[in-house]
Peer 1: 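What follows is a structure written as structure tokens; I'll ask about it next.
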Amino acid sequence: MFEAHARDVAPRLLGARLTANGVTLRLTEVEAYGGSGEDPGSHAFRGRGRRNATMFGPPGRLYVYFTYGMHWCANVVCGPEGEASAVLLRAGEVVDGLAEARGRRPSARNDAELARGPARLTRALAITGADDGADLGAGPIRLELPERPAIAFATGPRTGVSGPGGDGAAFPWRFWLPGEPTVSGYRPHTPRRRPAY
DNA sequence: GAAATGATCGTCT
DNA sequence: GACGATCATTTCA
């Protein structure tokens, strides 16, 4: 299953159940990233480094990285070992462990916001860098595929990917379940800060 | 409402 | 030394 390229695996993850630390999520939005040299927006584009080593390992593992000085994001490693494509888990609906998730996300105004957005998702599930490389088939963090793949899903440009030739529209590899209140939706990339004169 | 901004640090240049 | 696969909060209309 995870031997395929991330772009093919991603739509099949929609509706899957991800369980970690007492909370279970139904995935509603994911995003695919290509392998080394293939996709400028991918961490793997410039080859293997310290951070992305897990991407180059066997598929079916969790790749967790730290960003913006405070957030964790979780991916499922795909492709044959060495290809390093991966699927970013962007959003999901909490279907079990609601109380736990609410406790971890006090700022959420409603349950749909508990795991809407990649960093919120990891927070709701209490996933951190310590979980990088975890095997999703066995162990405390589990991913159960839907009995039947989602029939109706939407595709679009990726969010948050910027740079010359690396804009999100170059690879329309974002997949989501239409009509789900837990989908984070498209948000234009806002520059960190305009240089002061 | 929308938009700007601070938080905060590992990784790569 | 810059900046990011982001979020929460504040500011402005």
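These numbers come from the heavy atoms of this one structure, side chains and all, not from hydrogens, waters or symmetry mates. Lettering follows sequence order; numbering is per chain, from 1. Note that the coordinates shown come from a computational prediction; the quantities given were computed from them, not determined experimentally.
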Peer 1: I want to verify a distance call: between B:dC9, C:dC7, B:dC12, whose nearest atom is closest to the A:P118 side chain?
Peer 2: C:dC7
Peer 1: So, is A:S107 close to the C:dA8 phosphate, meaning a side-chain N or O under 4.0 Å from OP1 or OP2?
Peer 2: yes
Peer 1: Would you mind classifying the nucleic acid contact of A:R109 as base, sugar-phosphate or nothing, using non-hydrogen atoms under 4.0 angstrom?
Peer 2: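 Nothing, no nucleic acid heavy atom in range.
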Peer 1: Roughly, in whole Å, what's the span from CE in A:M70 to P in B:dG6?
Peer 2: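 Computing the A:M70:CE to B:dG6:P distance gives 12 Å.
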Peer 1: Between A:E113 and A:R105, does at least one N-O distance fall below 4.0 Å, as a salt bridge requires?
Peer 2: no
Peer 1: Rounded to whole Å, please give me the gap between CG in A:L88 and C1' in C:dG4.
Peer 2: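 The distance from CG of A:L88 to C1' of C:dG4 comes to 13 Å, rounded to the nearest Å.
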Peer 1: In whole angstrom, give me the gap between the P atoms of B:dA3 and C:dA5.
Peer 2: 22 Å
Peer 1: Taking only the side-chain heavy atoms of A:A119 (C-beta and beyond), determine which of B:dC9, C:dA5, C:dC7 contains the nearest atom.
Peer 2: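 For A:A119, the side-chain atoms sit closest to C:dC7.
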Peer 1: Closer than 4.0 angstrom, basic N to acidic O: yes or no for A:R26 and A:E180?
Peer 2: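 Salt bridge present between A:R26 and A:E180.
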Peer 1: Applying a 3.5 Å limit to both distances, which nucleotide forms a Watson-Crick or G-U wobble pair with C:dA5?
Peer 2: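 Per the H-bond distance test, none.
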Peer 1: Nearest whole Å is fine: how far is B:dT11 P from A:Y63 OH?
Peer 2: 9 Å
Peer 1: Mind calculating the distance between CE (A:M55) and C1' (C:dA5) to the nearest angstrom?
Peer 2: 10 Å
Peer 1: Taking atom OG of A:S36 and atom CZ of A:R48, what is their separation to the nearest 0.5 Å?
Peer 2: 11.0 Å
Peer 1: Indicate, yes or no, whether a donor-acceptor pair under 3.5 Å links the base of B:dA7 to the side chain of A:Y68.
Peer 2: no
Peer 1: Would you say the ring centers of A:Y33 and A:H43 fall short of 6.0 Å from each other?
Peer 2: no
Peer 1: Report the distance from atom CZ of A:F66 to atom P of B:dA7, rounded to the nearest whole Å.
Peer 2: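 So the CZ-P distance, A:F66 to B:dA7, works out to 15 Å.
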Peer 1: Could you give the CZ-to-P distance, from A:R123 to C:dT6, as a whole number of Å?
Peer 2: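 Result: 17 Å.
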Peer 1: Could you state the CD1-P distance from A:I127 to C:dA5, rounded to the nearest angstrom?
Peer 2: 19 Å
Peer 1: Whole angstrom is fine here: how far is it from CG in A:N110 over to P in C:dA8?
Peer 2: 12 Å
Peer 1: Looking only at side-chain N and O atoms, does A:R105 come under 4.0 Å of OP1 or OP2 in C:dA8?
Peer 2: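 Yes, A:R105 has a side-chain N/O under 4.0 Å of OP1/OP2 on C:dA8.
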Peer 1: For a quick test of reading the model: is some side-chain N or O of A:H71 closer than 4.0 Å to OP1 or OP2 of C:dG4?
Peer 2: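 The answer is no; no side-chain N or O of A:H71 sits under 4.0 Å from OP1 or OP2.
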Peer 1: Assess whether atom CZ of A:R104 is packed by more than 12 heavy atoms of other residues, nucleotides or ligands within 6.0 Å.
Peer 2: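 Yes - once you tally the heavy atoms of other residues, nucleotides and ligands closer than 6.0 Å, there are more than 12.
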